Amino acid sequence: MGAKLLCFCLASALVSYYIYTPIPENIEEGWKVMLVTSLFRTVGHVAEVADRLGMMHYMEVMRLITVAEHVAPTSDENVTVTDTEFSNVAVRLYLPRKPARGLRRAVIYFHGGGWCVGQAGMKSYDLLSRWTSSQLDAVVVSVDYRLAPKYHFPVQFEDVYSVTKFFLQSSVLSQYGVDPNRVCVAGDSAGGNLAAAVVQKLLEDSEVTTRLKAHVLLYPALQTLDLNLPSYQQNENGLILPKSLMVRFWSEYFTSDSSLREAMTSNSHVPAESGHLFQFVNWSNLLPEEMKKDYVYTSPVFGSSELAKKYPGFLDPRAAPLLAEVARLRGLPPTYVLTCEYDVLRDDGVMYVSRLRAAGVRVTHDHAKDAFHGALMFVSSPTNLPVGNRLRNRYIAWLNENL
């Protein structure tokens with residue numbers, strides 16, 4: 001009996017140690033966040049083992065979360081939902097059912113998932129798109145762009161840009177009863193990255209005559225140069241998205257060559273000849289004092305030129321919108337940027353806000369001090385959280401006023 005009790009206690013201690021993650025005091029229902037974080041960590045460990053044994057690629061295992069969360073396109077009393085294609089790219093389309101009182105607004109949405117996982121049909125994204133369509137009486141186009149590791153940059157960008165450009169055609173807008181003066185793009189995490197890049201590119205595209213009314217970036221990933229920002233250091237082993245996973249997402253976006261991931265992990269992947277780009281991500285100049293905390297800015301450590309020659313994408317503004325020259329930022333539409341305190345990507349969004357404001361762009365910066373990366377997706381059972389609902393409502397409220 002004593003031996004069994006001892007084994008039980010040891011097993012319980014090991015499970016508790018594995019599940020336990022320190023949760024900041026201001027996060028509500030932290031036990032739910034702890035369980036979800038442990039689930040992600042478990043899947044990550046399984047993915048690592050499977051990858052090392054040559055059984056499955058790391059990201060293919062991570063994508064099992066996407067498969068488990070997938071829901072079929074199901075219409076309800078408020079919205080008609082269909083899966084279709086725009087410009088040969090898969091999209092999920094949400095059309096309000098109530099009679100139109102005139103031309104409608106439209107939101108083109110790009111899901112997150114580190115360019116490697118996620119899809120428009122995931123339950124959390126499906127709910128967000130339904131809610132957006134219903135609350136705003138808006139047409140919502142949720143884009144299923146192709147993913148790494150099968151497809152690397154710039155395929156993801158090209159897919160979302162192709163859909164956006166297709167939808168902004170006068171004939172397509174007319175077909176869906178959309179007001180050409182009330183269209184926006186939005187995205188979260190990697191989708192926020194794609195949204196920022198699409199909006200920048202549209203300003204240079206003479207073939208597109210319809211101009212976006214607004215764009216929304218929800219805890220976006222915006223730069224690849226400095227992966228040791230204060231937010232990366234503060235949240236290195238943080239909730240949902242630790243630094244190691246974000247680095248893996250970034251490197252996989254460009255290549256499955258582990259040498260890039262290793263260089264990014266040590267923050268020594270940028271060659272000296274590209275050193276001038278660090279002015280665009282110098283957090284000592286771009287972060288407000290309260291977000292610098294006690295961290296000290298250090299000069300960049302340069303790496304091999306060979307990586308940049310083989311994988312130039314990580315220095316491309318289409319992949320890292322924060323690297324855009326100020327002239328490229330001028331003329332961008334009104335912007336909503338959501339950042340979360342407990343998120344490795346927090347400082348990307350904050351620095352972009354600073355750069356946009358310096359370029360004369362009207363920006364609403366919503367910084368959630370009680371939130372973490374991905375919080376907006378926690379709006380359904382069993383992981384429904386008050387903070388997820390609050391952030392979703394603030395996002396919808398901004399769109400309602402600005403779109």
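Since the structure is predicted, the reported quantities are computational estimates derived from the model, not experimental observations.
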Check ion pair [X]-[Y] (N to O, under 4.0 angstrom):
| X | Y | answer |
| --- | --- | --- |
| Glu289 | Lys292 | yes |
| Glu28 | Arg390 | yes |
| Arg130 | Asp76 | yes |
| Glu252 | Arg261 | no |
| Lys165 | Asp205 | yes |
| Arg346 | Glu341 | yes |

Minimum heavy-atom separation for [X] and [Y], please, with both atom names.
| X | Y | result |
| --- | --- | --- |
| Val337 | Gly349 | CG1-O, 4.0 Å |
| Gln156 | Tyr151 | NE2-O, 2.9 Å |
| Gly118 | Leu147 | O-CD1, 3.5 Å |
| Leu225 | Asn267 | O-OD1, 3.6 Å |
| Tyr58 | Asp51 | N-OD1, 3.1 Å |
| Trp398 | Pro334 | CH2-O, 3.8 Å |

Within the side chain of [X], is there an N or O that forms a donor-acceptor pair under 3.5 Å with the backbone of [Y]?
| X | Y | answer |
| --- | --- | --- |
| Gln279 | His276 | yes |
| Ser251 | Arg248 | yes |
| Asp83 | Arg92 | no |
| Ser133 | Val140 | no |

Problem set entry | Lys243, NZ: over 12 other non-hydrogen atoms inside 6.0 angstrom |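 Counting other residues, nucleotides and ligands, NZ of Lys243 exceeds 12 neighbours.
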Parallel, tilted or perpendicular for [X] and [Y], by the 30°/60° rule?
| X | Y | value |
| --- | --- | --- |
| Tyr125 | His111 | tilted |
| Phe157 | Tyr161 | parallel |
| Tyr297 | Trp283 | perpendicular |

For this session: Verify the ring-centre separation between His152 and Phe254: is it less than 6.0 angstrom?
Result: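 No - the distance between ring centres of Phe254 and His152 does not fall below the 6.0 Å cut-off.
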